[in-house]
Amino acid sequence: MSIDFEIPADAKAIRAKVRQWVHDECIPAEKRLVDKESFKTVLAELRTKARAAGLWLPFIPKEYGGMGLGPLANALVQMELGESHLGALSMNSQGPDDATMLTLLAHGTEFQKEKYLKPLLNGEKRVCYSMTEKAAGADATGMQTRAVKDGNENYILNGEKWFSSAASAADMAVVMAMTDPDAPRHQRYSTFIVELPNPGYIIKRDIGTMAKEGPLSHIMGGGHSEIEIKDLVIPAENLLGGEGQGFNMGQHRLAYGRLRHGMHNVAMAQRALDMAAAHVTQRETFGKKLSERQGVQWMLADCASELYMARLMLLHIAYKAERGMDLRQENSIAKVFLAHMVHKVVDTAIQLHGALGYSTDTPLAAWYTHIRSQRLVDGPDEVHRWTVGRNVIKAYEQFGTTASAAGGDLL
């Protein structure tokens, strides 16, 4: 009995529709982006067209206004949207909004869904996620921000946050803070919804990074903010998911975020490879087209191999997600691999473009500075490799072989 790698016809049709959408609408629209007003105009036009075409909130159930796609079809869609930085935005599928929508769907009260989820689903508001702190970094259980209950009506928060992505563009924040320092380590933290702007949630600055920035960088992506939380008053009704559930909910949302980053990395790498192929088939040096040179063909082959492995990883993870199977090991493996894959493919595309690739006449140079962050966000390489390695040891100790931790039990 063979393994069925056939993608359902309806999922193929959706992928084709989204691919055409990105190529016909999103990529051409990038040229129209000049300033804040042009971005608002372009995005509004794209979103109106997208909704009319039924391309809105791919991962959200139909009863909430989405396309109701399962993990496989959504993976196929996300692997197309990442070709343009307007792709996910046009379909209201961008991070960190997407993960917050899923969290509110799963854990929000009816009040929270009406007041906070609804405007996110409608594309009227944006949200940021404030978990990371300087003192904690990749160890979320080391965060120091405290939430103290003031009677039964409010919580008072004090502390600091670091690299709160999209805070400068957000209308609300989801903030994690310690509510019970004496509880078991993973039950000390709770999550709160904060309406912005708020005098107790102070954006001190957008942190400068190595990523190449333009006039729209902080509007589209929101930058990465340093936050001071000072006597921030939050109504008890804005506690999300109950006390002590912040860490578990955070890990769930980060798991989706890692996969979304990986799916978009596949799309970006594919566009970079297409650009490289187009360039080498036109460019001549020393009387020959670059595409006729074996060394160039090997470089393209390496990129194609990386993309092939990346797609199989994501489709296998989608397969397991469709069936409710444990995918934590595969998620960590894919998180590391996909971050390195996109870096390698874009770097190769720059090399094949020569000085043109190093210039800002193509998007490759800007992509290169941005994708370095992929090895840091949602947990750095070292944390995920540590997790994978521990699972390899556990598998050997339990079964006498490491196969189950290294893809030996694929299905």
Side-chain angles (χ1 to χ4, degrees), residues 71 74-76 78-79 81-82 88 95-96 98-99 129 131-132 136-142 163 165 209-211 224 247 250-273 302-321 325-350 367-396 402-411:
N74 182 52
L76 296 173
Q78 299 300 330
M79 283 191 275
L81 290 178
D98 53 358
Y129 183 50
M131 178 186 72
T132 303
D139 178 13
T141 63
F163 271 80
S165 300
T209 70
M210 68 179 287
H224 307 287
F247 183 85
Q251 292 308 301
H252 180 267
R253 66 171 291 141
L254 288 172
Y256 179 78
R258 291 173 191 127
L259 290 177
R260 183 237 303 127
H261 278 306
M263 295 167 193
H264 289 179
N265 285 344
V266 167
M268 180 183 285
Q270 183 60 63
R271 186 174 170 190
L273 182 56
D302 288 345
C303 291
S305 300
E306 293 279 323
L307 271 164
Y308 176 61
M309 289 184 280
R311 286 193 170 96
L312 285 181
M313 279 186 179
L314 286 169
L315 292 177
H316 176 238
I317 290 172
Y319 168 92
K320 296 192 78 170
M325 300 167 71
D326 188 346
L327 47 79
R328 287 173 294 179
Q329 178 78 342
E330 291 85 353
N331 197 331
S332 285
I333 291 172
K335 162 64 171 70
V336 175
F337 179 85
L338 293 164
H340 285 261
M341 177 279 299
V342 68
H343 192 274
K344 179 176 180 178
V345 174
V346 171
D347 182 72
T348 301
I350 290 173
W367 291 352
Y368 189 82
T369 66
H370 279 271
I371 57 180
R372 180 59 182 85
S373 69
Q374 295 298 303
R375 291 173 54 196
L376 296 168
V377 297
D378 296 336
D381 285 0
E382 293 74 21
V383 169
H384 290 285
R385 292 172 69 191
W386 176 35
T387 300
V388 171
R390 283 186 301 170
N391 288 335
V392 169
I393 293 168
K394 287 178 183 177
Y396 183 77
T402 63
S404 63
D409 188 15
L410 280 175
L411 303 176

*With sequence neighbours left out, which residue pairs that include part of residues 378-396 fulfil the salt bridge (Lys or Arg N to Asp or Glu O under 4.0 Å) condition?*
Arg375-Asp381

*asked:* Per the salt bridge (Lys or Arg N to Asp or Glu O under 4.0 Å) rule, what does the pair list look like for residues 259-273, sequence neighbours excluded?
replied: Glu30-Arg271, Asp98-Arg260

*asked:* According to side-chain contact (heavy atoms from CB on, under 4.5 Å), who are the partners of Ala321, at least two apart in sequence or on a separate chain?
replied: Pro71, Leu327

*Could you tell me which residues satisfy side-chain contact (heavy atoms from CB on, under 4.5 Å) with Thr369, sequence neighbours excluded, listed by chain and number?*
Ala211, Lys212

For the [atom1] atom of [X] and the [atom2] atom of [Y], what is their distance to the nearest 0.5 Å?
{"X": "Met341", "Y": "Ile371", "atom1": "CE", "atom2": "CD1", "value": "9.0 Å"}
{"X": "Asn74", "Y": "Met79", "atom1": "CG", "atom2": "CE", "value": "9.5 Å"}
{"X": "Asn331", "Y": "Leu259", "atom1": "CG", "atom2": "CG", "value": "4.0 Å"}
{"X": "Lys344", "Y": "Phe337", "atom1": "NZ", "atom2": "CZ", "value": "8.5 Å"}
{"X": "Met263", "Y": "Leu76", "atom1": "CE", "atom2": "CG", "value": "9.0 Å"}

How far apart are the closest heavy atoms of [X] and [Y], and which atoms are they?
{"X": "Lys335", "Y": "Gln374", "value": "NZ-O, 2.8 Å"}
{"X": "Gln78", "Y": "Ala267", "value": "O-CB, 4.3 Å"}
{"X": "Glu330", "Y": "Asp326", "value": "OE1-O, 3.8 Å"}
{"X": "Val345", "Y": "Ala269", "value": "CG1-O, 3.4 Å"}
{"X": "Ala405", "Y": "Gln329", "value": "O-NE2, 3.0 Å"}
{"X": "Val388", "Y": "Ser332", "value": "CG2-CB, 3.7 Å"}

*Qualifying residues under salt bridge (charged side-chain N to carboxylate O under 4.0 Å, His left out), relative to Asp302, sequence neighbours excluded*: none

*asked:* Contact between Thr209 and Phe163 at the side-chain level, heavy atoms closer than 4.5 Å - yes or no?
replied: yes

Just list the side-chain donor-acceptor pairs under 3.5 Å for residues 303-315, sequence neighbours left out, or say none.
| unit_1 | atom_1 | unit_2 | atom_2 | d |
| --- | --- | --- | --- | --- |
| Ser305 | OG | Ala301 | O | 2.9 |
| Arg311 | NH1 | Gln270 | OE1 | 3.4 |
| Arg311 | NH2 | Gln270 | OE1 | 2.9 |

